[in-house]
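Let me begin by presenting the structure, written as structure tokens, before commenting on it.
Convention: sequence-line order gives letters A, B, ...; per-chain numbering from 1.
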2 protein chains.
Amino acid sequence: MTFEEKITLNGFRLTAPRKKILSILTNQKQPISFEEYSAIDPLIDKSTFYRTMQSFEQAHIINGIESDEGKRYFELNETIHPHFICQHCHAITCLNPLPLISLEGYHVESIIFKGKCPLCSDS
Amino acid sequence: MTFEEKITLNGFRLTAPRKKILSILTNQKQPISFEEYSAIDPLIDKSTFYRTMQSFEQAHIINGIESDEGKRYFELNETIHPHFICQHCHAITCLNPLPLISLEGYHVESIIFKGKCPLCSDS
DNA sequence: CATTCTAATGCAACTAAGTTGCAATAAACC
DNA sequence: GGTTTATTGCAACTTAGTTGCATTAGAATG
Ligand SMILES: [Mn+2]
Ligand SMILES: [Mn+2]
Ligand SMILES: [Zn+2]
Ligand SMILES: [Zn+2]
């Protein structure tokens with residue numbers, strides 16, 4: 001699906017900030033924060049960014065993930081997969097899809113593992 | 001282990017706020033935030049609370065969990081178990097211990113499931 | 001017990017991620 | 001092109017959590 005389709009199929013207007021946000025998120029291997037995003041797109045407005053994240057998250061175009069440090073990280077919502085948050089270096093990593101775990105009564109939508117990433121486990 | 005032991009074995013001084021914090025956390029079935037804690041212990045100072053959480057977390061006396069809403073929730077670190085965060089009502093629930101999942105290269109210390117809790121799945 | 005040392009407290013001021021109000025702008029639809 | 005209304009961009013705000021610092025009070029020592 002193109003950026004244009006992702007945006008317009010949900011009834012959103014096709015604006016410059018939205019196209020840029022989707023294009024940049026497409027190039028990321030890992031979720032990014034506003035701080036990281038605005039390093040790539042320095043002219044972005046904070047409100048526009050966060051409002052876009054809210055609308056796109058509700059439309060399931062993107063996922064938000066809470067870091068250990070009180071920041072939100074965002075990624076495109078393509079194939080569902082779990083994430084790992086390193087409590088040492090605070091990196092957020094996308095993991096390979098995992099066989100779905102079911103919990104009686106609960107409707108599980110995502111899984112986050114926490115601990116030490118490979119880099120931090122060595123040292 | 002008594003509150004006194006938990007505190008002093010880590011080289012911390014035995015103070016009134018620390019004893020009260022541990023006694024209140026002991027009575028909780030689920031992790032609680034500062035907001036919830038201070039409803040139970042209205043005289044607690046915010047700095048004292050958060051500084052205690054930091055020291056106790058480093059000493060592995062308590063666990064901190066990030067909610068979906070940018071707040072930290074705290075619980076005693078007794079038996080390790082996963083948690084469920086409802087993305088609808090935002091409740092944080094302790095789950096029963098789960099067979100340990102291992103991820104090649106990663107050192108997993110905790111697992112958080114997100115989705116809809118039983119109450120919110122019905123409605 | 002009194003003395004000393006220093007960790008911990010409590011208060012106020014601060015920080016920073018994220019939100020909100022609102023006037024100006026520009027998509028979308030005719 | 002003209003009208004309508006969602007969206008932008010700016011500044012002001014909110015709020016969870018942190019920090020600096022003077023005061024207090026554990027704990028160790030004699
Ligand atoms: Mn991912
Ligand atoms: Mn728990
Ligand atoms: Zn790491
Ligand atoms: Zn719920």
**Prompt:** Which part of the nucleic acid, if any, lies within contact of R51(B), taking any heavy atom under 4.0 Å across all strands shown: a base, the sugar-phosphate backbone alone, or nothing?
**Reply:** base
**Message:** Could you check whether any side-chain heavy atom of V108(B) comes within less than 4.5 Å of a side-chain heavy atom of F84(A), counting everything from C-beta outward?
**Reply:** yes
**Message:** Angle between the two end axes of the helix from dC1(C)-dG30(D) to dC30(C)-dG1(D), five base pairs per end, rounded to 10 degrees?
**Reply:** 50°
**Asked** Closer than 4.0 Å, any side-chain N/O of T48(A) to the OP1 or OP2 of dT8(D)?
**Response** no
**Message:** Counting only heavy atoms from other residues, nucleotides and ligands, does the tally under 6.0 Å from NZ of K19(A) exceed 12?
**Reply:** yes
**Prompt:** Rounded to whole angstrom units, what separation is found between the CZ atom of F49(B) and the C1' atom of dT15(D)?
**Reply:** 16 Å
**Request:** Please report, rounded to the nearest Å, how far the C1' atom of dA16(D) is from the CD1 atom of I65(B).
**Result:** 17 Å
**Complete:** In whole angstroms, the gap separating P of dA25(D) from CD1 of I7(B) amounts to 17 Å
**Prompt:** Roughly how many Å is it from CG in D45(B) to C1' in dT23(D), rounded to a whole number?
**Reply:** 13 Å
**Message:** What's Q54(A) touching, base or sugar-phosphate or nothing? Going by heavy atoms closer than 4.0 Å.
**Reply:** sugar-phosphate
Could I get a table of every N or O pair under 3.5 Å where one atom is in the protein and the other is in nucleotides 27-30 of chain D?
unit_1  : atom_1 : unit_2 : atom_2 : d
dA27(D) : OP1    : L14(B) : N      : 3.0

**Request:** For DNA chain C, note the earliest and the latest nucleotide, 5' to 3', having some atom under 4.0 Å of a heavy atom belonging to chain A.
**Result:** dA17(C) to dA28(C)
**Message:** Please check this pair: side chain of E36(A) against backbone of S33(A), looking for a donor-acceptor N/O pair closer than 3.5 Å.
**Reply:** yes
**Item:** Co-membership, hydrophobic cluster, residues Y73(B) and F49(B), 4.5 Å side-chain
**Value:** no
**Request:** For residues Y106(A) and F113(B), determine if any side-chain heavy atom of one lies less than 4.5 Å from a side-chain heavy atom of the other.
**Result:** no
**Complete:** Assert: residue with more 5' nearest nucleotide on DNA chain D, out of A16(B) and S33(B), is S33(B)
**Prompt:** If you round to the nearest 0.5 Å, how far is CZ of F56(A) from CZ of R18(A)?
**Reply:** 5.5 Å
**Message:** With rounding to the nearest 0.5 angstrom, report the OH to OH distance, Y37(A) to Y50(A).
**Reply:** 12.5 Å
**Request:** Report which part of the nucleic acid R72(B) touches: base, sugar-phosphate, or nothing (heavy-atom distance under 4.0 Å, all strands).
**Result:** sugar-phosphate
**Asked** For E69(A) and dA16(D), what is the distance between atoms CD and C1' respectively, to the nearest whole Å?
**Response** 15 Å
**Complete:** The remaining residues in the hydrophobic cluster of M1(B), counting side-chain heavy-atom contacts under 4.5 Å among Ile, Leu, Val, Met, Phe, Trp and Tyr, are L9(B)
**Message:** Can you confirm whether more than 12 heavy atoms, excluding those of E35(A), are under 6.0 Å from its CD atom?
**Reply:** no
Side chains of residues 86-105 of chain B: which donor-acceptor partners sit under 3.5 Å, not counting sequence neighbours?
none

**Prompt:** Could you give the CD-to-P distance, from E36(B) to dG17(D), as a whole number of Å?
**Reply:** 11 Å
**Asked** Could you state the CG-P distance from N10(A) to dT7(D), rounded to the nearest angstrom?
**Response** 11 Å
**Request:** With the side chain counted from C-beta on, respond yes when L76(A) and K6(A) share a heavy-atom pair under 4.5 Å apart, and no when they do not.
**Result:** yes
**Message:** Taking atom types as they are modelled, would you say the side chain of K46(B) forms a donor-acceptor pair with the base of dG17(D) within the 3.5 Å cutoff?
**Reply:** yes
Please tabulate, for the side chains in residues 62-69 of chain B, all donor-acceptor contacts under 3.5 angstrom to protein atoms that are two or more places apart in sequence or on a different chain.
unit_1 : atom_1 : unit_2  : atom_2 : d
N63(B) : ND2    : E75(B)  : OE2    : 3.0
E66(B) : OE2    : R72(B)  : NH1    : 2.7
S67(B) : OG     : E69(B)  : N      : 2.9
S67(B) : OG     : K71(B)  : N      : 3.3
S67(B) : OG     : K71(B)  : O      : 3.3
D68(B) : OD1    : K114(B) : NZ     : 3.3

